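Okay, so here's the structure we're looking at.
In what follows, chains carry the letters A, B, and so on, assigned in the order in which the sequence lines appear, proteins first and then strands, with residues in each chain numbered from 1. Note that the coordinates shown come from a computational prediction; the quantities given were computed from them, not determined experimentally.
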Amino acid sequence: TQLLEQSPQFLSIQEGENLTVYCNSSSVFSSLQWYRQEPGEGPVLLVTVVTGGEVKKLKRLTFQFGDARKDSSLHITAAQPGDTGLYLCAGEPQGGSEKLVFGKGTKLTVNP
Amino acid sequence: NAGVMQNPRHLVRRRGQEARLRCSPMKGHSHVYWYRQLPEEGLKFMVYLQKENIIDESGMPKERFSAEFPKEGPSILRIQQVVRGDSAAYFCASSPQGADTEAFFGQGTRLTVV
């Protein structure tokens, strides 16, 4: 059972465009994290959101946690080639055993 | 402060051999998680350990796979009698407490079974 559904699976855009990546679930999460992974490397944590409705900004990246804590989005403004990578959302299911469950990821390519 | 260290980075094994993957958590971290990642896929949880204890191994195959996190030394993920389907990237993450604190990942071990 895939608890976290990410969309789109693949995204190829031109430099300067905006984009939004979605992470959806029917389950409630205590917290949700976004990671970026480059080829041959481990995931690097970008942000953790904990409160329903929370919005966090990291330079050109805006992260939002849904009011019901079941979904999240990542919005990138004026994408740059350096943003290319695999974006993964991960969450700790409420009442779970403290393990993170991951979505399959969105593979983003930003063309110069 | 060194990050999560995994070794080896690349491991090639013939079918039927044993694979041992090591993970040294960040200093001060007592919680270790192992994940497996297939190409073009997200990470799949395998096992969650604290020092000397397995807390959750619900994602680990019942046969051939085992994990430990001894009082001294790194966490070890052991795969006996490897098969081609075991080929994947195996990532370890550590945190100071449970997953409600931030988990940091190592660079992974890429296992290839030939």
Would you give the length of the straight line joining atom NZ of B/K44 to atom NZ of A/K104, rounded to the nearest 0.5 angstrom?
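Between B/K44 NZ and A/K104 NZ, I get 6.5 Å after rounding to 0.5 Å.
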Once you round to the nearest 0.5 Å, how far does CZ of B/F105 lie from CG of A/L100?
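Going from the CZ atom of B/F105 to the CG atom of A/L100 covers 6.5 Å.
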Check whether [X] and [Y] end up in the same hydrophobic cluster, where Ile, Leu, Val, Met, Phe, Trp and Tyr are linked by side-chain heavy atoms less than 4.5 Å apart.
X: B/L49; Y: B/Y33; result: no
X: A/V47; Y: A/L61; result: yes
X: A/V110; Y: A/L58; result: yes
X: A/V50; Y: A/F63; result: no
X: A/V101; Y: B/V47; result: no

Side chain, backbone, both or neither of B/Y35 within contact of chain A (heavy atoms, under 4.5 Å):
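Side chain of B/Y35 only, per the 4.5 Å heavy-atom cut-off to chain A.
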At a 4.5 Å cut-off on heavy atoms, which part of B/Q37 comes close to chain A: side chain, backbone, both, or neither?
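Just its side chain gets close to chain A.
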Any chance NZ of A/K56 has more than 12 other-residue heavy atoms, nucleotides or ligands included, within less than 6.0 Å?
yes
Heavy-atom pairs under 4.5 Å with chain A: which of B/G42, B/G59, B/G106 has the most?
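When all of B/G42, B/G59, B/G106 are compared, B/G42 has the most.
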Give the member of A/G42, A/G105, A/P43, A/A90 that has the highest number of heavy-atom pairs under 4.5 Å with chain B.
A/P43
For a quick test of reading the model, state the closest non-hydrogen atom pair linking A/Q37 to B/F91 and the distance between them.
NE2-CZ, 3.3 Å
